[in-house]
Amino acid sequence: MLQISFIRDNKQIVIDALKKKNFDSENTIERILDVDVTRRATQKKLDDTLADSKSLAREIGNMMKTGMKDQANILREKTADLKITVKELQEKLALLEGEQNSLLVLLPNIPHDSVPAGKTPEDNEVAEQQGSIPDLSDNALPHWELTLKYDIIDFEAGTKITGAGFPVYKGKGAKLQRALINFFLDEAIQAGYTEYQPPLMVNEASAYATGQLPDKDGQMYHATIDNLYLIPTAEVPITNLFRDIILQESQLPIKSTAYSACFRREAGSYGKDVRGLNRLHQFDKVEIVQVTTPEKSYETLEEMRQYVTGILRKLELPFRILKLCGGDISFASAMTYDMEVFSTAQKRWLEVSSISNFETFQSNRMKLRYKDKEGKITLAHTLNGSALALPRIVAALLENNQHKEGIRIPKALVPYTGFDNIS
RNA sequence: GGAGAGAUGGCCGAGUGGUCGAAGGCGCACGCCUGGAAAGUGUGUAUACCUCACAAGGGUAUCAAGGGUUCGAAUCCCUUUCUCUCCGCCA
């Protein structure tokens with residue numbers, strides 16, 4: 001959520017910047033600023049009235065003590081009007097605050113200056129491309145055929161016991177999942193991240209703080225009886241660890257990582273996008289999260305990009321990095337890199353990671369702040385990235401490494417799988 | 001799930017209707033003391049919003065959260081959440 005004080009002081013900058021996200025904010029912002037003026041005036045009036053009634057109460061108190069009962073009773077009558085006024089102003093203020101807040105929540109984050117303009121994924125900038133795309137014969141199999149051939153993932157069983165998009169991993173397929181999770185976690189720990197094992201369900205306040213609510217309501221599984229949401233990513237519980245906290249600058253940066261299952265309803269997806277492992281309702285992911293200062297957050301974003309690049313290299317996967325354009329960047333993000341691996345049999349790039357700097361967008365919602373060396377309290381910057389999401393990594397590994405006698409496991413992974421080939 | 005107890009500042013802990021943002025202690029910061037340190041000693045030490053120059057100063061709110069009683073609530077009442085103890089159930 002953008003800060004009202006920032007919008008107040010930089011109205012035109014905000015409007016222009018949001019155009020880059022193809023978001024027409026002018027009316028909303030006008031309305032917000034309107035409400036803001038009334039809100040502040042109301043606040044002032046309330047505070048003044050409250051001050052009056054407080055001093056009256058004090059006087060009455062003193063009179064009672066000194067036995068001036070009659071005078072006290074006279075004053076007491078005067079308080080009735082004040083009480084009514086206070087009540088009215090309080091109700092008005094609550095209404096205004098509610099309206100302002102519900103409008104503010106509609107505004108997406110401002111993209112960073114360097115974010116390219118653009119409307120669709122076609123307009124994303126290829127920032128980097130590495131690794132060679134293997135030259136496979138024309139009868140190379142897509143991963144959903146390979147998994148069947150080697151009996152390592154049973155999509156139909158998943159459909160039977162739960163529904164489409166909930167695969168069952170089996171044998172070496174299951175072991176490969178476990179290997180990847182451990183590999184990713186070990187790498188992150190080695191890079192200085194602290195491992196967490198978070199709850200897989202969160203309450204409403206948490207879903208709101210990281211921006212899933214209200215923007216993406218309907219994309220999460222919701223256990224209505226207890227009003228809990230299944231997490232769409234570990235980012236939600238991990239970032240919320242720091243909700244309503246004031247850190248010391250010396251504690252920053254905070255680097256956290258977590259493996260979790262992720263649950264997404266993916267309402268509205270269809271076709272080849274959802275074939276096999278391409279898009280699932282439940283999948284595994286290791287997430288990295290950092291909390292840092294505004295001065296260092298873009299440096300941190302690059303560091304995280306380098307980090308993910310390193311893992312992809314160890315997995316020997318051809319990949320490219322996209323710097324997302326304004327139109328493709330997410331609601332809460334100021335800048336995002338997408339990492340995509342090439343899936344040789346499908347002949348397409350698959351997104352396996354998304355690394356974003358949210359600046360103060362999340363921290364403002366969740367009141368995550370730090371005290372700097374001068375003792376000034378400032379909103380921290382939050383960043384996160386997948387490192388990595390498993391299904392599409394598995395898809396690419398299977399497709400790219402297929403050969404006559406099976407599927408080769410990259411060297412870095414063999415210590416984790418205990419086998420170097422799936423056959 | 002049932003019965004009971006409780007929730008106060010970074011922490012511990014006073015405070016059962018009056019000027020309490022809240023005693024005291026610990027911790028922390030700065031100063032004095034010291035050759036240096038410890039001890040001792042002095043001062044300071046929450047957050048948000050409003051006013052305002054994001055200064056100083058001032059105002060308001062906040063003692064789990066929300067509502068109520070009252071001229072006045074950390075203190076009384078109601079609701080919710082959470083914690084602890086006992087019982088039940090259970091991996």
Side-chain angles (χ1 to χ4, degrees), chain A residues 1-11 13 32-101 103-104 197 199-209 223-229 237 240-252 254 293-295 360 363-380:
Chain A
M1 182 161 81
L2 298 176
Q3 293 168 82
I4 178 64
S5 55
F6 184 81
I7 297 176
R8 203 146 60 201
D9 300 338
N10 304 281
K11 178 179 152 189
I13 292 176
I32 288 173
L33 291 177
D34 255 19
V35 172
D36 189 47
V37 170
T38 323
R39 194 202 98 230
R40 283 150 67 202
T42 308
Q43 170 88 251
K44 176 93 178 96
K45 232 188 281 176
L46 209 212
D47 286 356
D48 290 346
T49 315
L50 243 20
D52 287 350
S53 96
K54 229 171 132 173
S55 75
L56 259 182
R58 216 167 283 158
E59 264 184 76
I60 293 172
N62 284 330
M63 287 175 173
M64 302 290 273
K65 252 188 217 161
T66 51
M68 299 161 72
K69 263 208 161 146
D70 295 341
Q71 283 98 321
N73 282 330
I74 294 168
L75 280 188
R76 210 182 273 193
E77 279 164 29
K78 284 174 67 180
T79 60
D81 281 351
L82 283 180
K83 278 179 94 170
I84 293 167
T85 313
V86 165
K87 184 105 187 164
E88 280 171 3
L89 288 171
Q90 274 172 342
E91 277 164 12
K92 187 174 172 195
L93 186 65
L95 231 56
L96 289 164
E97 280 173 346
E99 181 175 3
Q100 185 168 59
N101 211 46
L103 288 169
L104 277 171
Q197 216 176 95
L200 300 182
M201 297 180 122
V202 294
N203 57 31
E204 216 177 326
S206 296
Y208 174 83
T224 48
I225 292 180
D226 297 298
N227 198 23
L228 295 174
Y229 293 88
N240 269 285
L241 245 21
F242 305 101
R243 193 170 82 214
D244 285 320
I245 276 184
I246 301 178
L247 298 157
Q248 295 299 320
E249 184 168 354
S250 57
Q251 294 175 268
L252 301 175
I254 292 177
T293 61
E295 293 75 38
T360 59
S363 59
N364 187 38
R365 274 199 198 192
M366 72 174 100
K367 300 289 166 266
L368 162 53
R369 293 160 294 173
Y370 72 96
K371 200 175 263 191
D372 69 16
K373 287 156 201 137
E374 281 88 54
K376 199 179 152 216
I377 289 170
T378 315
L379 290 172

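Letters A, B, ... are given to chains in the order of the sequence lines, protein chains preceding strands, and every chain is numbered from 1. Keep in mind that this is a model prediction, so the values were computed, not measured. The analysis underlying the following values was restricted to heavy atoms, covering all of them including side chains, and did not include hydrogens, waters or symmetry mates.
- Using atom P as the reference point in both B:C28 and B:G21, the two lie 29 Å apart (nearest Å).
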Legend entry - Pair pattern of RNA chain B in dot-bracket, where unpaired bases get dots and | marks partners in another strand, Watson-Crick or G-U under 3.5 angstrom: ((((((((.[[[..)..(.....]]]((((((.......))))))((((((.....)))))).[[[[[..)....]]]]])))))))....
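- As a whole-Å value, the separation of A:K45 NZ from B:A61 P is 18 Å.
- Distance A:K78 NZ to B:U70 C1': 19 Å, rounded to the nearest Å.
- Nucleotides B:G2 and B:C76, compared at atom P, are 26 Å apart to the nearest Å.
- Taking the side chain as every heavy atom from C-beta outward, A:K376 and A:E249 never approach each other to under 4.5 Å.
- Look at CD on A:E91: it is 15 Å from C1' on B:G66, rounded to the nearest Å.
- Comparing the C1' positions of B:G57 and B:U75 gives an interatomic distance of 32 Å, to the nearest angstrom.
- With rounding to whole Å, A:I60 atom CD1 is found 15 Å from B:A73 atom C1'.
- In this structure, the separation between CG on A:N203 and OH on A:Y229 is 10.0 Å, given to the nearest 0.5 Å.
- Put simply, NZ on A:K83 is 11 Å from P on B:G68, counting in whole angstrom units.
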Could you run down the sub-3.5 Å N/O contacts of the protein with nucleotides 44-51 of chain B?
{"residue": "B:U47", "atom": "OP1", "partner": "A:K371", "partner atom": "NZ", "Å": "3.4"}
{"residue": "B:U47", "atom": "O3'", "partner": "A:R369", "partner atom": "NH1", "Å": "3.2"}
{"residue": "B:A48", "atom": "OP1", "partner": "A:R369", "partner atom": "NH1", "Å": "3.1"}
{"residue": "B:C49", "atom": "O3'", "partner": "A:R39", "partner atom": "NH2", "Å": "3.1"}
{"residue": "B:C49", "atom": "O2'", "partner": "A:Q43", "partner atom": "NE2", "Å": "2.7"}
{"residue": "B:C50", "atom": "OP1", "partner": "A:R39", "partner atom": "NH2", "Å": "2.9"}

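- The one candidate from A:L368, A:N364, A:T293 that meets the side chain to side chain contact (heavy atoms under 4.5 Å, CB included) condition with A:L379 is A:N364.
- In this model, a donor atom of one side chain and an acceptor atom of the other lie less than 3.5 Å apart for A:S206 and A:R243.
- For B:U8 and B:A64, the C1' atoms lie 10 Å apart once the distance is rounded to whole Å.
- Using a 4.5 Å cut-off on side-chain heavy atoms (C-beta onward), A:I254 and A:F242 make contact.
- A pairwise comparison of heavy atoms in A:Y370 and A:P294 identifies OH-CD, 3.3 Å as the closest pair.
- By the 4.5 Å heavy-atom criterion applied to side chains, A:L33 and A:K11 are counted as neighbours.
- In this structure, CD in A:E97 is found 9.5 Å from OG1 in A:T42, a value given to the nearest 0.5 Å.
- Here A:N73 lies out of heavy-atom contact (under 4.0 Å) with every strand.
- Spacing between B:A38 and B:A29 at atom P, rounded to whole Å, works out to 11 Å.
- Comparing B:G1 with B:G59, their P atoms sit 48 Å apart, to the nearest whole Å.
- A salt bridge is defined here as a Lys NZ or Arg NE, NH1 or NH2 lying under 4.0 Å from an Asp or Glu carboxylate O, and A:R39 with A:D36 meets this definition.
- Comparing B:A91 with B:C78, their P atoms sit 38 Å apart, to the nearest whole Å.
- For A:L50, whose side chain is taken as the heavy atoms from C-beta onward, the closest listed nucleotide among B:G59, B:U60, B:C71 is B:U60.
- Residues A:K54 and A:K376 each lie close to RNA chain B; by heavy-atom proximity, the contact nearer the 5' end of the strand is made by A:K376.
- One atom, CG of A:D81, and another, C1' of B:C71, lie 13 Å apart when rounded to the nearest Å.
- Put simply, CD1 on A:I245 is 16 Å from C1' on B:G9, counting in whole angstrom units.
- For A:E204, the CD atom counts as loosely surrounded, since its 6.0 Å shell holds 12 or fewer non-hydrogen atoms of other residues, nucleotides or ligands.
- Taking for each of A:L46 and A:T79 the nucleotide of RNA chain B with the nearest heavy atom, the 5'-most of the two is the partner of A:L46.
- Counting any heavy atom pair closer than 4.0 Å across all strands shown, A:K373 reaches no nucleic acid atom.
- Taking atom CD of residue A:E77 and atom P of nucleotide B:U70, one finds them 15 Å apart after rounding to whole Å.
- The neighbour count for A:E295 CD, taken as heavy atoms of other residues, nucleotides or ligands under 6.0 Å away, is above 12.
- The gap from the C1' atom of B:U60 to that of B:C20 amounts to 16 Å, rounded to the nearest Å.
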